Amino acid sequence: MSIFLRQVWAIMSKDLRSEFRTKEAINASLAFSLVILLLFSFAFDTAAEEMKQLSGGLLWMVFAFAGTLVLNRSFIREVPNDCLDALLASPISGAALFLGKALGNFALLLAIEAACLPIFAVFYNVTLTREPGWLALVMVLATWALTVIGTMFSALTVNLRLRELMLPTLVYPMMIPALMAAIELTRVLVTGEPIGENMMWFRVLTAFDIIFTALAVTFVDTVLQG
C-alpha cells in the first residue's frame, strides 16, 4: 500500500508542478470563470431576491464549464514525446496513475473555485458565510464528482482528434445527478433554508462519488490500454 500511495503522490506532484510551470489550464479556466460570472451579473438583476434561487445553478454551471478546461489537459500533457506510453509501460498501476491525476485535477479545481467564490458573492449579492462548513463539504463532494468523471473521460478521449469537443459531450450527461445535488444544496445554503431537510442531496453526492470512483479505478486499465 505504501508503494501505491507513493506512486499516486508522484503522479499528482508531477502534474501540479507541470501545470504551475506553464499555468495554461489554470489561467484559462480562472479567466473563463470570472468573465462568465461578470457577464451573468449584467444579464440578471442581482439585487432581486429571486436571484438567490438561481445562484446555485449559475455557480455550478460556471464551474462545470471551466472545469473541463483543466480536465481536458489531464492526459494530453503526456502525449508529446510518447510520455503516456512510457507511463503505461512503467511499473505504475493504472489505478495509481488515475488517482494521481484525479487528485492533481481536484486540487486545481478547488483552487479555481476558491478564487471565484468571493467574486461570486460580491457580484450576485449573496452571503456564503451562513454555513461555511456545509458549503465546503458541498464544494469538495461536487468537485470530486466532476474530477472523477472528467479525468476518466480525459483518458478515454486522449487519442481522439476532436477531444476538446468530445470531453464535455461525455462529461455533462454523466454529471447530471451530481450537478443537480450541488445546485440544490448551494441554493439552500445561500437562501438560508434548513439544511436538515435536504440531506438526501448529500447522500446523492456521496453515493455518486463512491460509485464512480470505484468504477473508474476498476476499469481505468481497460480504458488506458484500449
Side-chain angles (χ1 to χ4, degrees), residues 1 4-5 7-9 11-12 15 29 56-57 59-75 87-88 92-114 131 133-160 163 166-189 195-226:
M1 180 60 72
F4 180 82
L5 293 177
Q7 292 174 345
V8 171
W9 177 261
I11 295 296
M12 181 185 72
D15 278 6
S29 183
L59 183 66
W60 282 105
M61 186 171 65
V62 171
F63 287 164
F65 282 114
T68 57
L69 298 177
V70 172
L71 296 168
N72 195 50
R73 296 280 302 166
S74 296
F75 287 87
L87 282 173
L88 296 178
I92 297 177
S93 66
L97 176 60
F98 170 79
L99 287 176
K101 287 190 168 294
L103 289 171
N105 291 333
F106 181 64
L108 291 174
L109 291 180
L110 281 181
I112 292 168
E113 291 168 3
E131 297 282 356
W134 285 112
L135 180 61
L137 181 59
V138 172
M139 301 294 293
V140 167
L141 291 175
T143 303
W144 179 250
L146 176 61
T147 301
V148 167
I149 297 295
T151 305
M152 191 63 174
F153 281 120
S154 177
L156 185 65
T157 60
V158 65
N159 293 315
L160 297 181
R163 52 181 171 257
M166 287 301 298
L167 182 65
T169 303
L170 294 170
V171 168
Y172 297 144
M174 296 290 291
M175 277 295 297
I176 288 174
L179 284 176
M180 287 176 60
I183 289 168
E184 185 63 20
L185 287 170
T186 304
R187 182 193 66 79
V188 167
L189 293 170
I195 193 67
E197 298 177 2
N198 296 272
M199 293 303 294
M200 179 194 71
W201 293 111
F202 276 109
R203 291 193 288 271
V204 169
L205 266 181
T206 303
F208 188 97
D209 287 352
I210 293 172
I211 291 170
F212 281 95
T213 301
L215 288 174
V217 170
T218 301
F219 292 107
V220 67
D221 283 313
T222 303
V223 171
L224 290 173
Q225 295 299 337

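Keep in mind it's a predicted model, so treat the numbers as computed, not measured.
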- Got a sec, which residues hit ring pair (Phe, Tyr, Trp, His ring centres under 6.0 Å) with F63, two or more places apart in sequence or on another chain?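 Here the qualifying residues are W60.
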Of all the heavy-atom pairs spanning [X] and [Y], show the shortest one and how long it is.
X: W144; Y: F106; answer: N-CE1, 3.6 Å
X: D209; Y: L141; answer: OD2-O, 2.9 Å
X: G67; Y: S29; answer: N-OG, 4.3 Å
X: L99; Y: V217; answer: CD2-CG2, 4.1 Å
X: N105; Y: T151; answer: ND2-OG1, 3.0 Å
X: A96; Y: F4; answer: N-CE1, 3.5 Å

Check side-chain hydrogen bond (donor to acceptor under 3.5 Å, both in side chains) between [X] and all other residues, then give those that pass, not counting sequence neighbours.
X: E184; value: R187
X: N72; value: none
X: T143; value: E113
X: S154; value: none

Supply the atom-to-atom distance [X] [atom1] to [Y] [atom2], rounded to the nearest 0.5 angstrom.
X: L135; Y: I195; atom1: CG; atom2: CD1; value: 9.5 Å
X: L215; Y: I210; atom1: CG; atom2: CD1; value: 12.0 Å
X: I92; Y: I11; atom1: CD1; atom2: CD1; value: 4.0 Å
X: L167; Y: T157; atom1: CG; atom2: OG1; value: 5.0 Å
X: T169; Y: M174; atom1: OG1; atom2: CE; value: 13.5 Å

- Message: For residues 95-105, which residue pairs pass the salt bridge (charged side-chain N to carboxylate O under 4.0 Å, His left out) check, not counting sequence neighbours?
- Response: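 Matches after skipping sequence neighbours: D15-K101, E78-K101.
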Less than 4.5 Å apart, any side-chain heavy atom of [X] and any of [Y]?
X: F208; Y: I149; value: yes
X: L146; Y: L71; value: yes
X: D221; Y: F98; value: no
X: M152; Y: F212; value: no

- Query: Distance-only, no hydrogens or angles: does the T186 side chain make a donor-acceptor pair with backbone N or O of I183 under 3.5 Å?
  - Reply: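 Between the backbone of I183 and the side chain of T186 there is no qualifying donor-acceptor contact (under 3.5 Å).
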- Message: Whether the side chain of T147 engages the backbone of A102 through a donor-acceptor N/O pair (distance < 3.5 Å, no angle test) should be reported.
- Response: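 Judged by distance alone, no pair lies under 3.5 Å.
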- Task: For the residue pair F202 and W134, categorise the inter-ring angle as parallel (less than 30°), tilted (30 to 60°) or perpendicular (more than 60°).
- Result: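 Taking W134 first and then F202, their aromatic rings sit tilted (interplane angle of 30° to 60°).
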- Does the pair W201 and M180 meet the rule for a side-chain contact (heavy atoms from CB on, under 4.5 Å), with working shown? CA-CA 8 Å; W201 293 111; M180 287 176 60; 4.2 Å; yes
